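To start, the structure itself, in structure tokens.
Residues take their numbers from the sequence shown, with the count starting at 1. Every value quoted in this text rests on a predicted model; they were computed, and no experiment measured them. Read the numbers this way: they start at 1 and go in the same order the structure lists the ligands and their atoms.
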Amino acid sequence: MVMGSNPMSALTSTKPTPIPTHEQDDHDSPSSTALLSFNTDSSSSSSSSSPSPSSNKTLFVSLILITSIALSTSFAFAFLFFTSSSSCSSSSLPPLTPSLVPRPLAKLKRPIVLLLSSDGFRFGYQFKTSTPNIARLIANGTEAETGLIPVFPSLTFPNHYSIATGLYPAYHGIINNHFLDPLSGEAFYMGSHDPKWWLGEPLWETVVNNGLKAATYFWPGSEVKKGPWTCPVGFCRHYNGSVPFEERVDAVLSYFDLPSDEIPDFMTLYFEDPDHQGHKVGADDPEITDAVARIDSMIGRLIKGLEQRGVFEDVSVIMVGDHGMVGTCDKKLIFLDDLAPWIEIPKDWVLTHTPVLAIRPPSGYDPADVVRKMNEGLSSGKVDNGKNLKVYLKQDLPSRLHYAASDRIPPIIGLIEEGFKVEQKKTKRQECGGSHGYDNAVFSMRTIFIGHGPRFARGRKIPSFENVQIYNLVTSILNIKGAPNNGSTTFAESVLLSGA
Ligand SMILES: [Zn+2]
């Protein structure tokens with residue numbers, strides 16, 4: 001791992017150069033596309049054993065008959081089932097008729113993608129309560145069966161921008177929700193709109209680069225003017241968390257009332273919930289259940305509006321979250337001051353305490369020495385909860401985290417076990433809540449992925465994958481050329497229905 005040899009490269013270039021793709025690093029990324037060996041549909045298996053037409057005509061006719069009978073029977077059962085139970089869950093649905101080719105557009109003249117994010121929608125929230133609208137997208141679309149894997153750190157800004165660019169945070173530059181530029185000392189915060197922070201090429205820029213139109217209704221980075229993306233009035237909303245969700249949905253729907261050639265080809269839509277509640281009350285609380293039900297009702301409002309305009313089946317709706325959520329509580333704390341017998345860590349060395357511990361010691365201190373002394377203390381058995389924090393030089397972090405190749409990432413990173421928090425010192429304040437940002441291999445950090453539209457098979461389940469794959473998925477649906485990124489070039493074709 002080459003660190004620091006070219007300190008400016010990651011900061012100054014808007015097109016990061018050394019971008020490892022999934023093809024290159026599948027060996028250390030067990031949860032990536034290497035798992036994409038899913039069995040597409042029962043009918044697709046016939047292609048592997050292609051029988052000769054002369055000897056198998058009878059067999060083929062018989063199979064058609066058997067399939068027809070089986071389908072009729074299953075539909076009959078499905079009918080009985082639905083009429084006898086109105087509260088069935090999506091998992092009870094019979095497999096829908098597989099279709100291996102894209103469905104033709106009924107009304108729209110070209111593909112349109114709506115990318116929708118529900119912040120902090122932990123994988124599994126969809127089972128907390130009745131979510132008929134999300135269930136409808138799942139039943140008629142393609143779902144990551146065990147959730148979408150965020151990038152590390154599993155925080156809001158790094159992840160939304162990874163979804164938008166297909167790049168890991170080290171390459172797109174937003175390495176945390178807030179951080180310091182080590183060269184200028186300048187601070188990045190969530191309201192920073194200077195393009196110098198935002199590297200890579202987000203989807204809205206790619207779309208415009210290809211001569212198409214984009215519209216963003218909130219998304220981290222979308223207000224930043226980059227290349228031909230000027231954040232145009234009426235098609236690029238400036239973030240305002242007090243805008244009611246209904247108003248956001250209705251604004252997106254109104255784009256479909258424009259003359260055909262003015263409808264944006266790519267749109268984003270963002271909801272702060274259920275992340276907002278998750279931080280206050282953790283992942284398991286009636287407040288979360290209510291927030292999930294509300295998000296579901298917004299999906300219902302969206303579906304209804306698209307149906308009224310006759311375009312629901314034409315639009316590619318991609319519903320994602322940025323990360324999950326885990327409960328944190330007062331007993332799960334690690335205090336840096338407890339490490340004093342081994343090494344003193346002053347507060348001003350620490351960029352973020354939790355859930356990613358990020359430390360930049362001043363010059364004159366050897367980061368490797370700091371790491372060694374910290375880990376000595378943490379593993380001594382004398383520091384409360386010490387075994388739940390492990391400190392690394394960034395270049396020694398597991399390579400699957402892809403969290404080293406940027407000078408914005410401080411030299412010392414601590415990985416904290418899920419649900420634990422690092423604080424500077426003991427205080428009287430005791431609190432329980434929820435958090436995210438932990439190792440992206442932790443299951444509680446997973447979120448949802450559902451794709452619904454002409455290029456997504458109905459009722460298909462695919463293995464979990466990292467959100468850097470979504471960029472190529474969108475450019476493939478729009479049939480445009482994307483920028484280099486960390487996603488796999490084969491992912492989109494393995495997930496999307498393709499014309500044949
Ligand atoms: Zn978030």
- Within 45° cone and under 6.0 Å: K425 NZ/CZ vs F335 ring: no

- Message: Once side-chain hydrogen bond (donor to acceptor under 3.5 Å, both in side chains) is applied, what residue pairs with a partner in residues 277-287 remain, sequence neighbours excluded?
- Response: K128-D284, D273-Q277, D275-H279, H279-H436, K280-E287

- H178 ring center near Y189 ring center (under 6.0 Å): no

- Item | Nearest to the Zn ion (ligand 1) - the N/O/S atom of D322, by atom name | OD2

- Query: So which of the N, O or S atoms of D119 lies nearest the Zn ion (ligand 1)?
  - Reply: OD1

- Item | Atom nearest to the Zn ion (ligand 1) - H323, N, O or S atoms considered | NE2

- Item | Side-chain donor/acceptor of S222 to backbone N/O of F218, under 3.5 Å | no

- Of the backbone and side-chain N, O or S atoms of T156, does one lie nearer to the Zn ion (ligand 1) than 2.8 Å? yes

